[in-house]
Amino acid sequence: MSGRFAPTPSGRMHLGNAYAMLAAWLSAHARGEDMRLRIEDIDVPRVMPGADEWIRDDLMWLGLDWSGDVVHQSRRTALYDEAFATLRDAGLLYPCFCSRAEIRAASAPQEGDRFIVYPGTCRRLHDERPDEAAARVRAGERHAWRLAAPHAGALDGRILFDDHVYGAQDYDLGAALGDVVLRRSDGLYAYQFVVTLDDLLMGIDDVVRGRDLLRSTALQIWLRQRLLDCGACGVDARWTPARTPGYAHLPLLDNAAGVRLAKRVRSLDLGHLRAQGVRPQAVVGYCAWALGLIERPEAMDAGEALACFDWRRVRAVRGRDLKVPDDVGERLQVM
Ligand code: GLU
């Protein structure tokens, strides 16, 4: 069993990515496990050519190693097709013909992250007039495929898990996420589907990532169980009993203006920092400090950070509102 790096190659890694990668590496190594590297390049329009090599080079530069072959989601379509067909045959998916505008119009206004729970229009169509839905698919009408998740309030949709940083979590799947898309109308498989299947197939039992994915974890736990139940890609035979992963979600790093770090901000990307002469130990030490592992930023390598690693320390600083200054490179240069 292992942990994983699961970067999306949409640009050069920035400090926030390095921070998440370091945490994942530390967590796996503290458990005596190794790391796998999975390049999440399934969303082809978001992929930036060359970013995959930058990521590998930056991880090696940081001293964050991995074992085994690098897995590229873009090369696993045959596996995804197989698992997708298994879920569909098990009656867990339905076609959705709604446009984004139609979904927005039929939905109650949402707060916060603007995530919209699907209002169920095509689920009703599928339940009440399955022949009509099937005929529309056959006629080539543009459609996505959605997961028929438990309805809000349903007992089997109550997902409990314990996050290493945010503690006990309790989600009502139907109310919090609803019927998410597993295959988009452009034919590409969606993040939630491939990440769940890949974590299962790759024997990942330690998942560390940003807090923005906390709610997705509830869905992924549920979907993982469905994949096991229906034996998608032979998972039941080869992987049962598959250990449920441990989960840790990290506080997100913001820039000085309070906006989440993004790949667009050049001053914080590793290419820029490296060109400024920043050493990898400075980046690792800064990230270890951002994780709450040390009192103040000081240069260290990943092995030294491992000696300070404890999820309790991360938990203790989770409410801290950490803002990374735009000129952090200047501070890192002298570390
Ligand atoms: N590829 C995702 C990202 O870069 C991470 C997904 C995950 O950790 O599950 O945000």
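Because the structure is a prediction, the values reported are computed rather than measured.
Val165 approaches Pro251 most closely through the heavy-atom pair CG1-CD, 4.4 Å. Here the closest heavy-atom approach between residue Leu293 and residue Leu26 is recorded as CD1-CD1, 3.6 Å. When every heavy atom of Leu188 is checked against every heavy atom of Pro45, the shortest pair comes out as CD1-CD, 3.7 Å. Heavy-atom minimum distance, Gly16 versus Leu253: CA-CD1, 4.0 Å.
In the hydrophobic clustering, Leu155 connects to no other residue, as no ILVMFWY side-chain heavy atoms lie under 4.5 Å from its own.
Considering CG of Leu177 and OG of Ser216, their distance stands at 6.0 Å, rounded to 0.5 Å. How far CG of Asp206 is from OG of Ser2: 9.0 Å, rounded to the nearest 0.5 Å.
Screening residues 138-148 for side-chain hydrogen bond (donor to acceptor under 3.5 Å, both in side chains), with sequence neighbours left out, gives Arg136-Glu141, Arg142-Ser185, His143-Trp145. Residue pairs that meet the ring-ring contact (aromatic ring centres under 6.0 Å, His included) test with at least one member in residues 31-55, sequence neighbours left out, do not exist here.
Under the side chain to side chain donor-acceptor pair (under 3.5 Å) test applied with Asp198, the options Arg36, Arg4, Gln73 reduce to a single match, Gln73.
Hydrophobic clustering of Ile, Leu, Val, Met, Phe, Trp and Tyr side chains at less than 4.5 Å, counting indirect connections, unites Tyr19 with Met13. Connection of Ile116 to Tyr191 is not established within any shared hydrophobic cluster, with ILVMFWY side chains joined at heavy-atom distances below 4.5 Å, either directly or through further cluster members.
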Do any side-chain atoms of residues 328-335 form donor-acceptor pairs under 3.5 angstrom with protein atoms, and if so which ones, sequence neighbours left out?
{"unit_1": "Gln333", "atom_1": "NE2", "unit_2": "Gln276", "atom_2": "O", "d": "2.8"}

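Here Tyr286 pairs with Trp289 under the ring-ring contact (aromatic ring centres under 6.0 Å, His included) rule; sequence neighbours left out. For Tyr247, the ring-ring contact (aromatic ring centres under 6.0 Å, His included) criterion is met by Phe161, not counting sequence neighbours.
A 4.5 Å side-chain heavy-atom check between Thr121 and Arg124 finds at least one atom pair inside the cut-off.
Side chain of His72 to main chain of Ser74: no donor-acceptor pair is present (N/O by atom type, distance under 3.5 Å, no hydrogens or angles).
Summarising the local packing, CZ of Arg312 is surrounded by 12 or fewer heavy atoms from other residues, nucleotides or ligands at distances under 6.0 Å.
For Arg224 and Thr244, the side-chain atoms include no donor-acceptor pair closer than 3.5 Å.
Using cut-offs of 30° and 60° on the angle between ring planes, the pair Phe5 and Trp66 is perpendicular.
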